[in-house]
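In what follows, chains are A, B, ... by sequence order, proteins preceding strands, each numbered from 1. Nothing here was measured: the structure is a model prediction, and the numbers come from that model.
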Amino acid sequence: MSSSALPGFRDFYPDELARRAHIFRAWRAVARRYAFVEYDGPPLEPLDLYTKKSGDEIVGQLYNFVDKGAREVALRPEMTPTFARMVGARASALRKPVRWFSIPQLFRYERAQRGRLREHYQLNVDIVGEASEVADAELLAVALDVMRELGLTAQDVRARVSDRRLLNGILLTLGVSDAQVPAVYGVVDKCARQPRELSAEKLAKAGIAPELVERILAIASGITFEAVRAEFGEAPAAAEHVARFARYLAHLDALGVGEWVVLDLSIVRGLAYYTGIVFELFDAKGELRAICGGGRYDTLLHSLGGVDLPALGFGMGDVVLGELLNDRGLFPPAGDDAIDFQLVAGNGAGQHSYAEALGLVTTLRRAGFSVAHGLNAERYLGQATRNQVDAAKKAGVSAAIYYREDGTAEAISLLGKMNGALTHTMDAAAALAGEAGVMMGLRDWLQQQRDTARH
RNA sequence: GUGGCUGUAGCUCAGUCGGUUAGAGCAUCGGAUUGUGGUUCCGAGGGUCGCGGGUUCGAUUCCCGUCAGCCACCCCA
């Protein structure tokens with residue numbers, strides 16, 4: 001091989017692009033259904049857009065370089081800083097709440113592995129200017145409706161939700177001191193990925209009393225919201241957060257996604273980033289990395305030097321999602337963008353010149369059909385019809401079209417099994433003239449062939 | 001960045017205890033004497049056996065390095 005894509009980068013051959021397009025279609029359809037509008041920004045940004053708040057250590061993860069104008073630049077690793085800048089620049093003019101989505105290609109300089117490349121596409125959905133938990137519910141409903149749109153069910157995907165404030169309230173009620181909270185977060189975040197003994201050891205080291213260690217680990221490794229409400233619903237430090245979370249769950253039910261959602265207080269996600277309700281989407285079998293993650297980041301816009309507005313959002317990448325759809329066989333077979341017709345010579349094709357036959361092709365294309373032909377006049381006139389038909393079928397063509405010597409043009413379905421109503425005959429002169437009625441009849445016939453082939 | 005496993009045709013894989021021109025299936029291309037069904041038959045193209053070095057009369061095979069991929073860490077998306 002003379003060359004291949006850079007490590008962690010993908011070539012999208014037509015089959016793969018079709019799968020990507022399938023995902024993008026679902027993303028756009030659902031985002032628009034929820035009344036979000038699409039935006040985009042530059043894929044290349046000043047390096048300091050990312051180092052300003054994250055520090056210089058993030059540079060190790062960035063695809064950065066110096067451009068010919070001696071500017072330090074980086075391919076965008078995430079969309080939020082760009083989004084924050086764009087919203088900040090017009091904050092006072094934008095109608096609130098802002099409901100925007102984008103499908104950026106993002107880059108990271110890291111070792112590639114399954115579900116994790118140096119480049120991916122990510123649906124970003126953000127809301128700015130609404131502090132109510134109704135917005136949190138709306139946001140998660142978008143993510144879950146994308147799953148549904150792609151054919152996944154509550155049996156395939158789980159939304160694990162948490163709330164930093166709720167966890168904080170619980171910990172304070174249990175007697176954890178403010179100073180101990182960060183250490184506890186660190187343990188809780190890793191709870192599922194490290195041995196229980198190690199977690200217990202770390203909590204002990206943070207000064208947590210032995211009996212409390214067990215309580216914390218039990219809460220972190222799975223507790224229902226009902227249990228939380230029963231135990232902490234009246235506690236002064238937690239009551240407000242329990243009540244808010246209850247309203248959140250009720251809104252999720254009302255939006256029709258309640259059955260996907262489970263409480264999981266071990267979801268911490270990016271200690272510095274989120275301020276309220278957070279969530280992650282996982283495949284229910286737990287085989288893959290997170291499909292999607294997001295939550296509320298009320299202070300981020302302000303800390304990035306922008307306006308002081310509450311905000312929330314999520315990112316959903318195409319890589320893990322694509323693997324899940326592939327595992328579940330949920331990518332549609334090729335066919336939605338099948339070619340409508342291919343010109344095929346029949347008996348006595350020589351009666352017409354190739355140019356005449358191409359006239360029919362041109363007319364059909366102008367009427368909106370997709371039409372292929374062999375691009376070789378000698379082969380059109382000389383190759384066995386059987387071979388031409390076979391080639392058309394293999395190319396995914398729905399119907400062969402013959403330009404016959406008897407003054408007719410005939411379409412013959414290449415879909416499904418042989419049965420009646422396989423052919424559609426038209427007056428060649430009328431077809432060549434592109435008469436509306438003839439074209440409409442042809443379109444109806446083709447649609448009918450596809451409908452019957454599907455069942 | 002750390003560790004483990006794996007690199008043979010476009011894809012999935014055989015094979016070579018170190019020995020002449022490295023194989024199969026699928027896919028691709030051409031044909032089966034000009035109107036038909038994902039079938040069948042015939043034929044063709046396609047591999048510097050990841051790359052570099054070492055040992056050897058001889059390396060795709062053994063050894064070392066390197067690159068890439070996968071997996072687990074780290075970290076996040």
Side-chain angles (χ1 to χ4, degrees), chain A residues 1-11 13-16 50 54 57-58 60-63 75-80 104-124 186 189-190 193-194 268-273 280-281 287-295 313-321 323 333-335 342 344-351 374 376 378-406 408 410-419 422-423 449 453:
Chain A
M1 274 313 97
S2 58
S3 65
S4 60
L6 287 168
F9 285 78
R10 297 170 287 176
D11 289 326
Y13 287 86
D15 284 354
E16 290 140 11
Y50 306 111
S54 305
E57 63 274 12
I58 196 167
Q61 310 272 299
L62 291 181
Y63 233 105
L75 291 165
R76 59 187 174 195
E78 55 167 330
M79 199 57 178
T80 305
Q105 189 177 22
L106 304 178
F107 305 87
R108 277 219 144 148
Y109 198 89
E110 294 186 304
R111 194 182 196 91
Q113 49 182 286
R114 185 174 196 213
R116 214 165 162 195
L117 306 171
R118 286 184 170 177
E119 145 277 316
H120 74 147
Y121 293 88
Q122 189 186 63
L123 171 66
N124 274 249
D189 185 31
K190 288 194 168 50
R193 282 169 286 161
Q194 71 187 12
V268 176
R269 289 193 65 78
L271 291 161
Y273 217 82
E280 292 187 343
L281 265 50
E287 293 167 342
L288 303 170
R289 295 164 187 281
I291 298 162
C292 170
F314 71 77
M316 180 188 297
D318 70 310
V319 179
V320 176
L321 182 57
E323 284 169 359
Q342 177 150 344
V344 169
N347 208 4
Q351 303 290 319
N376 184 315
E378 286 72 38
R379 200 174 298 129
Y380 170 71
L381 295 171
Q383 189 178 44
T385 303
R386 174 174 51 212
N387 286 348
Q388 297 193 36
V389 171
D390 280 350
K393 281 181 69 72
K394 282 184 184 175
V397 175
S398 298
I401 193 139
Y402 296 87
Y403 188 44
R404 300 171 68 174
E405 73 276 16
D406 65 358
T408 63
E410 188 173 46
I412 299 186
S413 174
L414 300 175
L415 300 167
K417 292 176 183 165
M418 194 183 270
N419 51 32
L422 274 177
T423 68
Q449 297 308 313

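- A side-chain donor-acceptor contact under 3.5 Å links A/T385 to the backbone of A/A345.
- B/rC13 and B/rU6 are spaced 14 Å apart, taking the C1' atom of each and rounding to whole Å.
- For the pair A/Q388 CD and B/rG37 C1', the interatomic distance rounds to 15 Å; values are reported in whole Å.
- No donor-acceptor pair closer than 3.5 Å links the side chain of A/R108 to the backbone N or O of A/R116.
- Here the OH-CD distance, from A/Y402 to A/Q388, works out to 8.0 Å after rounding to the nearest 0.5 Å.
- Remark: C1' of B/rC11 and OH of A/Y13 are 12 Å apart, rounded to the nearest angstrom.
- Here B/rC62 sits opposite B/rG54 as a Watson-Crick or G-U wobble pair (both hydrogen-bonding atom distances under 3.5 Å).
- In summary, A/R10 and A/E119 engage in a salt bridge, as defined by a charged side-chain N under 4.0 Å from a carboxylate O.
- Aromatic pair A/Y380/A/Y403: centroids not less than 6.0 angstrom apart.
- The pairing partner recorded for B/rU48 is none, the criterion being a Watson-Crick or G-U wobble arrangement whose two distances lie under 3.5 angstrom.
- The side chain of A/Q122 sits closest to B/rA77 out of B/rA77, B/rU36, B/rG30.
- Searching all strands for a Watson-Crick or G-U wobble partner of B/rU33 with both distances below 3.5 Å returns nothing.
- When the side-chain nitrogen and oxygen atoms of A/R118 are compared with OP1 and OP2 of B/rA68, none of them lie within a distance under 4.0 Å.
- A gap of 30 Å separates the C1' atoms of B/rA59 and B/rG3, to the nearest Å.
- To the nearest whole angstrom, the two P atoms, one in B/rG52 and one in B/rU48, are 12 Å apart.
- Nucleotide B/rA68 has B/rU6 as its partner under the Watson-Crick or G-U criteria, with both atom distances under 3.5 Å.
- To the nearest whole angstrom, the two P atoms, one in B/rG45 and one in B/rG10, are 16 Å apart.
- Using C1' as the reference atom, B/rC74 and B/rU55 are 39 Å apart when rounded to the nearest Å.
- With rounding to whole Å, A/E110 atom CD is found 16 Å from B/rG69 atom C1'.
- Residue A/A112 has its side chain nearest to B/rG69 when only B/rG69, B/rG37, B/rU36 are considered.
- In the set B/rG37, B/rG69, B/rU34, B/rU34 carries the atom at the smallest distance from any side-chain atom of A/T385.
- Residue A/L117 is classed as a base contact, given a heavy-atom separation below 4.0 Å to a base.
- Listed nucleotides: B/rG30, B/rU28, B/rA77. Nearest to the side chain of A/H120: B/rA77.
- Following rounding to the nearest Å, A/L6 (CG) and B/rC67 (C1') show an atom-to-atom distance of 13 Å.
- Contact annotation: A/Q383 side-chain N/O to B/rG31 OP1/OP2 distance is under 4.0 Å.
- Comparing A/R111 and A/V389 against RNA chain B, the residue whose closest nucleotide sits nearer the 5' end is A/R111.
- With values rounded to the nearest 0.5 angstrom, A/L75 atom CG is found 8.5 Å from A/Y50 atom OH.
- Between A/R379 and B/rG30 there is a side-chain polar atom (N or O) within less than 4.0 angstrom of OP1 or OP2.
- Side chain of A/E110 to main chain of A/R118: no donor-acceptor pair is present (N/O by atom type, distance under 3.5 Å, no hydrogens or angles).
- Each of B/rA32, B/rC75, B/rG35 was ranked by its minimum atom distance to the side chain of A/Q61; first place goes to B/rC75.
- At a cut-off of 3.5 angstrom, the base of B/rG35 holds at least one donor-acceptor pair with the side chain of A/E410.
- Distances from the side chain of A/R116 to the nucleotides B/rC74, B/rU36, B/rG30 place B/rC74 closest.
- Comparing B/rG35, B/rA77, B/rG30 by their closest approach to the side chain of A/R108 singles out B/rA77.
- When the P atom is used for both B/rC49 and B/rG38, the distance is 39 Å, rounded to whole Å.
- Comparing A/G8 and A/L106, the nucleotide of RNA chain B nearest to each residue sits closer to the 5' end for A/G8.
- Although no hydrogens or angles enter the test, the distance criterion places no donor-acceptor pair under 3.5 Å between the side chain of A/N124 and the main chain of A/G315.
- B/rG37 and B/rA14 have their C1' atoms separated by 34 Å, with the value rounded to a whole Å.
- Across all strands shown, B/rU21 forms no Watson-Crick or G-U wobble pair with both key distances under 3.5 Å.
- In this structure, the CZ atom of A/F314 is 21 Å from the P atom of B/rC76, given to the nearest Å.
- For A/N387 and B/rG30, the shortest distance from a side-chain N or O to OP1 or OP2 is not below 4.0 Å.
- With rounding to whole Å, A/L381 atom CG is found 15 Å from B/rG35 atom C1'.
- When the P atom of B/rG31 is taken as reference, atom CG of A/D390 falls 12 Å away, rounded to whole Å.
- A gap of 24 Å separates the P atoms of B/rU12 and B/rC67, to the nearest Å.
- Atom pair A/D11:CG and B/rC11:P shows a separation of 12 Å (rounding to whole Å applied).
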